[in-house]
Every structure is written in C-alpha cells, then in structure tokens.
Amino acid sequence: MARAPFAARTRWPARNLIALISLCAIAAASACATVEPVIVAEPGVAFSLPIGKTATINGDGTKITFRRVTQESRCPTDVTCVWAGDATIEVIISRTGSPDDTATITLRTPYGEKSSGNLLIRFVGLTPVPRQADGNAPRAYVAELVVNRT
C-alpha cells in the first residue's frame with residue numbers, strides 16, 4: 001500500500017496553526033519597528049537631549065527627561081537686538097525609589113543650573129536658535145546639558 005506524502009499525513013491542530021501564524025506576524029512587525037537610541041550621559045560631559053526624550057546618567061541610573069520649552073525670548077539670528085534674551089526649559093528628574101522632580105532651568109546665570117540629590121544639572125544651550133523669518137513655526141528643540149556629581 002502506498003503511503004501518502006508527509007505533508008498529507010501531518011495535520012496540525014488549528015490552535016498550533018493559529019499560534020504559528022501569530023508568531024510570524026509578531027516577528028514581522030517587530031522587524032519593522034524602529035529602535036530609539038538610548039541616550040547615556042557621562043558626568044561632566046555635555047550631551048544633547050531632544051525635546052520629549054530621556055537621558056540616563058551613567059553610574060546611578062538617574063533619568064532626565066526634556067519635557068518642554070516654557071519660555072523662548074532669545075534674539076532671532078536674523079535681527080539686531082539690544083538684549084540676547086533667554087530660554088527656559090522644564091526637565092523631569094527621575095530616581096529609583098523617589099518621586100519625580102520637575103525643574104525649570106534657564107540659560108542665563110545664576111538660574112542655569114538645578115541641584116537634585118547628588119547631581120548638579122546645568123543648561124548650557126538650546127537649538128535651534130530662533131529666526132524671525134520662521135515666525136511661530138514649531139521647532140524640534142534640543143537642549144544641551146551637563147550633569148556633575150556634587
């Protein structure tokens with residue numbers, strides 16, 4: 001008696017077939033997903049932090065999130081001003097086992113730094129610099145920060 005081909009003899013239970021199809025769909029979807037780069041800040045070294053992103057401080061796991069620009073009055077690059085202006089940002093400082101600390105930091109001294117636990121966070125730059133020609137167009141801000149241990 002002739003035997004049927006292997007494929008004809010093998011029957012997968014419906015639940016196994018559904019599981020296999022689901023697994024393939026998940027694998028395909030995750031292969032297409034973009035992975036956000038992790039921002040790790042070294043103490044004493046300036047780092048760039050885009051708005052809405054979080055950096056982890058190397059060594060203690062503290063996280064700093066650039067939440068928003070709360071005030072932008074810097075002189076546009078295409079205008080002559082008598083005052084340089086200022087910018088203020090809001091950051092969220094998260095430590096394991098502690099409530100989040102929201103801090104407002106400005107570019108102008110002496111308010112350009114914030115102490116949090118054993119860290120001193122300095123706000124040293126903000127890009128892009130405003131241009132009058134851009135009007136009130138939304139900006140993809142990036143803060144430059146330096147974190148030191150105290």
### Query
Do Val147 and Thr62 come close enough that some side-chain heavy atom pair is under 4.5 Å?
no
### 4.5 Å side-chain heavy-atom contact, Leu119 and Arg149
yes
#### Entry: Smallest separation among heavy atoms of Cys75 and Trp83, with atom names
CB-O, 3.8 Å
### Message
If the condition is side-chain contact (heavy atoms from CB on, under 4.5 Å), which residues does Ile39 pass it with, not counting sequence neighbours?
### Response
Phe47, Leu49, Pro50, Lys53, Ala55
### Message
Has Arg67 got a side-chain atom pairing as donor or acceptor with Thr102's backbone, closer than 3.5 angstrom?
### Response
no
### Task
Please report the closest heavy-atom contact between Lys114 and Asp101, naming both atoms and the distance.
CE-OD2, 3.6 Å
### Query
Taking atom CG of Asp134 and atom CZ of Arg139, what is their separation to the nearest 0.5 Å?
6.0 Å
### Query
Judged by atom type as modelled, is there a donor-acceptor pair below 3.5 Å linking the side chain of Asp86 to the main-chain atoms of Leu107?
yes
### Query
Atom NZ in Lys63, atom CD1 in Ile57: separation rounded to 0.5 Å?
9.5 Å
### Task
For Glu113 and Ser115, indicate whether the former's side chain and the latter's backbone hold a donor-acceptor pair under 3.5 Å.
no
### Message
Working note: Ser94 + Asp100, criterion side chain to side chain donor-acceptor pair (under 3.5 Å); need CA distance, chi angles, decisive distance, verdict.
### Response
CA-CA 5 Å; Ser94 306; Asp100 289 352; 3.1 Å; yes
### Task
Of all the heavy-atom pairs spanning Pro128 and Arg74, show the shortest one and how long it is.
O-NH2, 2.9 Å
## Note on the structure
Closest non-hydrogen contact found for Gln132 with Asp78 is N-OD1, 2.7 Å
### Query
Nearest 0.5 Å, what's the CD1-OG1 distance between Ile92 and Thr54?
8.0 Å
### Task
Using the test side-chain contact (heavy atoms from CB on, under 4.5 Å), find all partners of Asn148 that sit at least two apart in sequence or belong to another chain.
Arg122, Val146
### Query
Under 4.5 Å between side-chain heavy atoms, hopping through other hydrophobics if needed: is there a path connecting Leu120 to Ile93?
no
### Task
Applying side-chain contact (heavy atoms from CB on, under 4.5 Å), name anything that partners Ser48, two or more places apart in sequence or on another chain.
Val142
### Task
Kindly determine whether Ile89 and Arg68 satisfy side-chain contact (heavy atoms from CB on, under 4.5 Å), including the steps that lead there.
CA-CA 6 Å; Ile89 63 169; Arg68 63 188 177 125; over 6 Å; no
### Query
Going from CD1 on Ile121 to CD1 on Ile64, what distance comes out if it is rounded to the nearest 0.5 angstrom?
3.5 Å
### Summary
Smallest heavy-atom separation, Thr70 atom then Thr104 atom, equals OG1-CG2, 4.2 Å
### Task
Over all heavy atoms of both residues, which pair between Ala143 and Phe123 is shortest? Give the atoms and the distance, please.
CB-CE1, 4.1 Å
